[in-house]
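To start, the structure under review is shown below, and the notes come after it.
Below, read A as the first sequence line, B as the second, and so on, with proteins coming before strands; counting in each chain starts at 1.
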2 protein chains.
Amino acid sequence: MPATLDQVARAAGVSRATAARVFSGNPRVSEEARRAVESAAMQLGYVPNGAARSLAGRRSDSVGVVVPEPGSILFLDQLMPRLLRGIGEELSANGLQMVLFAPQSTADLQRLEQYLAGGHVDAVLLLALHESDSLPTRLQARGIPTVFGGRPRPGLDVSFVDVDNHAGGRTATEHLIELGRRRIAHIAGPAHVPGAQERLDGFREAMWKAALRADFVEHGTLDRDGGELAMGRLLAMAGEIDAVFAASDAMAAGAMWALQVLGRRVPDDVAVIGFDDSPLAAATQPPLSSVRQPIEDMGREMARLVLSLSAVRGQSSRQMVLGPELSVRESTVMVR
Amino acid sequence: MPATLDQVARAAGVSRATAARVFSGNPRVSEEARRAVESAAMQLGYVPNGAARSLAGRRSDSVGVVVPEPGSILFLDQLMPRLLRGIGEELSANGLQMVLFAPQSTADLQRLEQYLAGGHVDAVLLLALHESDSLPTRLQARGIPTVFGGRPRPGLDVSFVDVDNHAGGRTATEHLIELGRRRIAHIAGPAHVPGAQERLDGFREAMWKAALRADFVEHGTLDRDGGELAMGRLLAMAGEIDAVFAASDAMAAGAMWALQVLGRRVPDDVAVIGFDDSPLAAATQPPLSSVRQPIEDMGREMARLVLSLSAVRGQSSRQMVLGPELSVRESTVMVR
DNA sequence: CCGCGCGATGGAAGCGGTTTCACCAATGCC
DNA sequence: GGCATTGGTGAAACCGCTTCCATCGCGCGG
């Protein structure tokens with residue numbers, strides 16, 4: 001029922017080949033023919049058939065993105081939308097369609113593998129590993145360019161782009177130290193979340209270098225309540241503390257709240273810094289300093305990387321780590 | 001480079017037609033031939049080419065889902081993942097691949113329209129309308145089965161599945177009234193969010209029917225802070241209040257916090273009920289009563305509906321509204 | 001013993017594009 | 001003015017799979 005290229009060509013009085021050239025942006029078409037084809041297409045409401053296109057052209061002009069389950073650190077602090085925006089923008093700019101997949105079961109994963117291997121996409125971006133996932137390996141084997149978002153488990157020879165969580169944790173901590181704070185606590189994320197672990201390591205490194213105690217550490221659930229509870233435990237355990245670095249803005253907000261309820265002034269008594277520089281950070285009272293990870297850039301770089309991998313096949317894997325940036329607000333201003 | 005059906009057939013010593021029958025689940029194949037084909041396929045690592053499949057078979061065995069920008073009510077209280085789970089499960093069960101799209105700009109929307117109209121998907125699920133979106137109309141015109149999640153703007157003759165926000169608001173309010181509460185406040189969502197508006201209407205209807213004042217209403221930003229602030233304004237405005245119904249669990253949590261800080265006991269002095277029955281509701285102190293919308297069911301029904309629309313073409317549009325359910329916890333127990 | 005129905009099979013015609021190749025007219029050059 | 005270019009064009013060969021249709025072998029009832 002939908003119009004075909006053949007019909008358009010006939011209506012325009014040219015051959016199918018010429019009509020095809022018009023739609024594939026081939027410049028070797030006379031202005032006259034081009035106009036005829038375009039108006040015929042408009043008239044008939046022609047839309048090229050994607051299946052036929054990919055079959056004949058051996059490419060689909062689309063890139064698959066496999067997103068993780070919610071609960072991943074990417075969903076905290078609104079990271080996911082920013083990442084997808086970065087990816088989407090870069091792909092769009094290259095005329096490619098971003099296609100998302102959210103597999104939920106093992107069966108889904110299997111079907112997805114078939115789908116991705118079946119030529120529906122030209123390349124794949126993997127946003128987080130479902131544990132012991134065979135997907136990346138299988139895709140590699142099929143020669144489908146693949147790039148990870150975030151560091152995959154070590155030992156895999158794959159391309160990835162990551163933000164530097166370690167440097168982020170270090171930077172946040174150093175900022176507090178430069179402020180003159182000495183009894184600095186850290187509210188870490190769950191131990192099994194890789195990014196959170198690296199932030200903790202960054203904290204430890206900075207404290208170690210400054211010869212400060214690095215054992216005021218509590219783990220929280222990454223959300224506001226987690227921060228509130230962890231703060232309570234920290235105060236009970238460590239007594240007076242003059243700064244807190246939380247592994248997420250939500251936890252920092254919770255911690256700040258707990259401090260204020262107990263009569264501590266922020267930043268006068270206790271400086272607080274969060275992580276991710278989410279919208280939340282600007283909305284707290286006082287506004288929260290935070291570490292801004294270039295997540296949009298990460299998305300853009302992932303897209304660029306996978307595009308370059310698809311352009312020239314047989315390339316070796318490439319890695320990239322993007323540095324963080326401090327976003328200083330009232331919660332860590334110098335007051336003494 | 002990847003193996004083709006032809007190679008598999010040759011390796012198995014059968015014709016391409018027979019090999020094809022094996023993969024399309026056609027039962028008219030001898031056990032012997034089937035085994036030969038399957039082992040040959042395994043050997044060669046054969047995966048059917050999706051493009052060729054859809055071209056020849058005139059269907060893609062996949063369904064597109066267009067998700068809205070974050071900020072939509074669907075992203076609040078973890079609604080989105082639940083909805084996608086429902087859709088995904090039902091599609092999976094029917095052997096279909098769920099394919100997500102997150103257009104961000106007008107240009108994206110245009111490319112997406114081409115993509116969807118180009119036969120890449122058999123049907124489309126639209127999760128929220130970007131205002132004045134021509135997408136649904138264009139898809140309808142192309143004969144692509146389309147179903148909305150949530151009620152589209154009135155006047156459109158389209159199929160949709162929605163949860164009953166009005167009934168939800170009414171149910172929550174009636175619950176509070178049955179508890180014997182009389183001065184009941186409502187923390188509503190932003191006025192421009194359709195679902196939130198309906199919840200407010202439900203609140204008003206229930207109060208009206210019970211001949212109670214329905215003007216203790218404040219709007220909030222749907223998140224915890226919004227609830228906290230709105231609660232403050234309500235107490236300042238209305239003085240003593242014995243129950244609060246908030247349009248989201250996050251706002252209810254914020255409100256409950258504000259009440260407790262000011263020395264009110266929940267539920268003894270003030271009963272609090274939220275909306276959406278999110279994970280958050282079970283985690284507050286005391287646990288929060290809430291209105292559970294059958295979001296997974298909504299997803300499943302959307303999938304079912306669009307499948308039935310694709311099965312028989314030329315069907316008229318169909319609508320469906322799913323009723324809410326009360327989830328009673330400690331924040332609204334009877335204490336007098 | 002023969003024709004019939006039936007399940008299994010292979011041949012072949014598409015599905016709707018892309019792309020190579022040959023061709024032709026018009027142009028530029030010596 | 002002859003000849004090599006060059007830009008625009010169309011014919012036709014695929015791309016890899018589905019599916020219709022004809023064929024074939026076989027067990028069966030008449």
Side-chain angles (χ1 to χ4, degrees), chain A residues 1-38 40-41 44-62 95 114-115 117-122 142-143, chain B residues 1-38 40-41 44-62 95 114-115 117-122 142-143:
Chain A
M1 179 120 7
T4 72
L5 184 59
D6 220 55
Q7 297 171 29
V8 172
R10 221 185 319 267
V14 301
S15 76
R16 194 165 75 227
T18 300
R21 284 190 264 264
V22 171
F23 294 111
S24 61
N26 190 320
R28 285 161 135 61
V29 181
S30 68
E31 203 47 44
E32 189 192 343
R34 162 165 285 116
R35 257 198 293 277
V37 169
E38 270 163 0
L44 295 171
Y46 172 71
V47 172
N49 180 308
R53 259 200 156 175
S54 351
L55 179 56
R58 312 159 142 284
R59 81 207 132 70
S60 63
D61 287 328
S62 54
Q114 296 266 320
Y115 191 92
H120 285 271
V121 299
D122 296 337
R142 288 215 124 63
Chain B
M1 178 132 5
T4 73
L5 184 58
D6 222 54
Q7 297 172 28
V8 173
R10 221 184 320 268
V14 301
S15 76
R16 195 166 71 225
T18 300
R21 283 190 265 265
V22 171
F23 294 111
S24 61
N26 190 319
R28 285 161 135 63
V29 181
S30 68
E31 203 46 44
E32 190 193 341
R34 162 164 286 116
R35 257 197 292 278
V37 169
E38 271 163 0
L44 296 170
Y46 171 71
V47 172
N49 179 307
R53 246 184 177 205
S54 354
L55 180 56
R58 312 160 140 281
R59 81 207 134 68
S60 62
D61 287 329
S62 56
Q114 296 264 321
Y115 192 92
H120 286 273
V121 298
D122 296 335
R142 288 216 125 64

Which residues share a side-chain contact (heavy atoms from CB on, under 4.5 Å) with B:Ser24, sequence neighbours left out: B:Asn26
Distance check needed: C:dA26 P versus A:Glu32 CD, whole Å only. 14 Å
Give the rounded distance in Å between these two atoms: CG of A:Leu44 and P of C:dG16. 14 Å
Shortest non-hydrogen separation from [X] to [Y] and the atoms involved:
X       : Y        : answer
A:Leu5  : A:Ala20  : CD2-CB, 3.8 Å
B:Leu44 : B:Ala11  : CD1-CB, 4.3 Å
A:Arg28 : A:Arg21  : O-CD, 4.2 Å
B:Ser60 : B:Gly119 : CB-O, 4.0 Å
B:Val14 : B:Ala33  : CG1-CB, 4.4 Å

Would you say C:dG17 has OP1 or OP2 under 4.0 Å from some side-chain N or O of A:Ser54? no
Think B:Ser15 has a side-chain N or O under 4.0 angstrom from the OP1 or OP2 of C:dG10? yes
List every contact pair, protein side and nucleotides 18-21 of chain C side both N or O, where the distance is under 3.5 Å.
from: C:dT18; atom 1: OP1; to: A:Arg53; atom 2: NE; distance (Å): 3.0
from: C:dT18; atom 1: OP1; to: A:Arg53; atom 2: NH2; distance (Å): 3.4
from: C:dT18; atom 1: O4; to: A:Arg16; atom 2: NH2; distance (Å): 3.4

Taking for each residue the nucleotide of DNA chain C with the nearest heavy atom, is it B:Val29 or B:Leu55 whose nucleotide lies nearer the 5' end? B:Val29
Residues within residues 6-14 of chain A bordering DNA chain D, heavy-atom distance below 4.0 Å: A:Val14
Can you list every pair that meets salt bridge (Lys or Arg N to Asp or Glu O under 4.0 Å) and has a residue in residues 8-18 of chain B, with sequence neighbours left out? B:Asp6-B:Arg10, B:Asp6-B:Arg16
Residues that B:Thr4 engages under side chain to side chain donor-acceptor pair (under 3.5 Å), provided they are two or more places apart: none
Suppose we screen for side chain to side chain donor-acceptor pair (under 3.5 Å). Which residues come up paired with B:Ser15, at least two apart in sequence or across chains? B:Thr18
Base, sugar-phosphate alone, or nothing: which one does A:Ala51 contact when heavy atoms must sit under 4.0 Å apart? nothing
Sorted by chain and residue number, the salt bridge (Lys or Arg N to Asp or Glu O under 4.0 Å) partners of B:Glu31 (sequence neighbours excluded) come out as B:Arg35
According to salt bridge (Lys or Arg N to Asp or Glu O under 4.0 Å), who are the partners of B:Asp61, at least two apart in sequence or on a separate chain? B:Arg59
Residues in ring pair (Phe, Tyr, Trp, His ring centres under 6.0 Å) contact with B:Tyr115, at least two apart in sequence or another chain: B:Phe101, B:His120
Outermost nucleotides of DNA chain D that come under 4.0 Å of a non-hydrogen atom of chain A: D:dG7 to D:dG16
Let me have the donor-acceptor pairs involving side chains of residues 46-56 of chain B, under 3.5 Å, with sequence neighbours excluded, atom names and distances please.
from: B:Asn49; atom 1: OD1; to: B:Ala51; atom 2: N; distance (Å): 2.8
from: B:Asn49; atom 1: OD1; to: B:Ala52; atom 2: N; distance (Å): 2.9
from: B:Ser54; atom 1: OG; to: B:Gly50; atom 2: O; distance (Å): 2.7

Bend angle of the helix from C:dC1-D:dG30 to C:dC30-D:dG1, from helix axes over five pairs at each end, nearest 10°: 40°
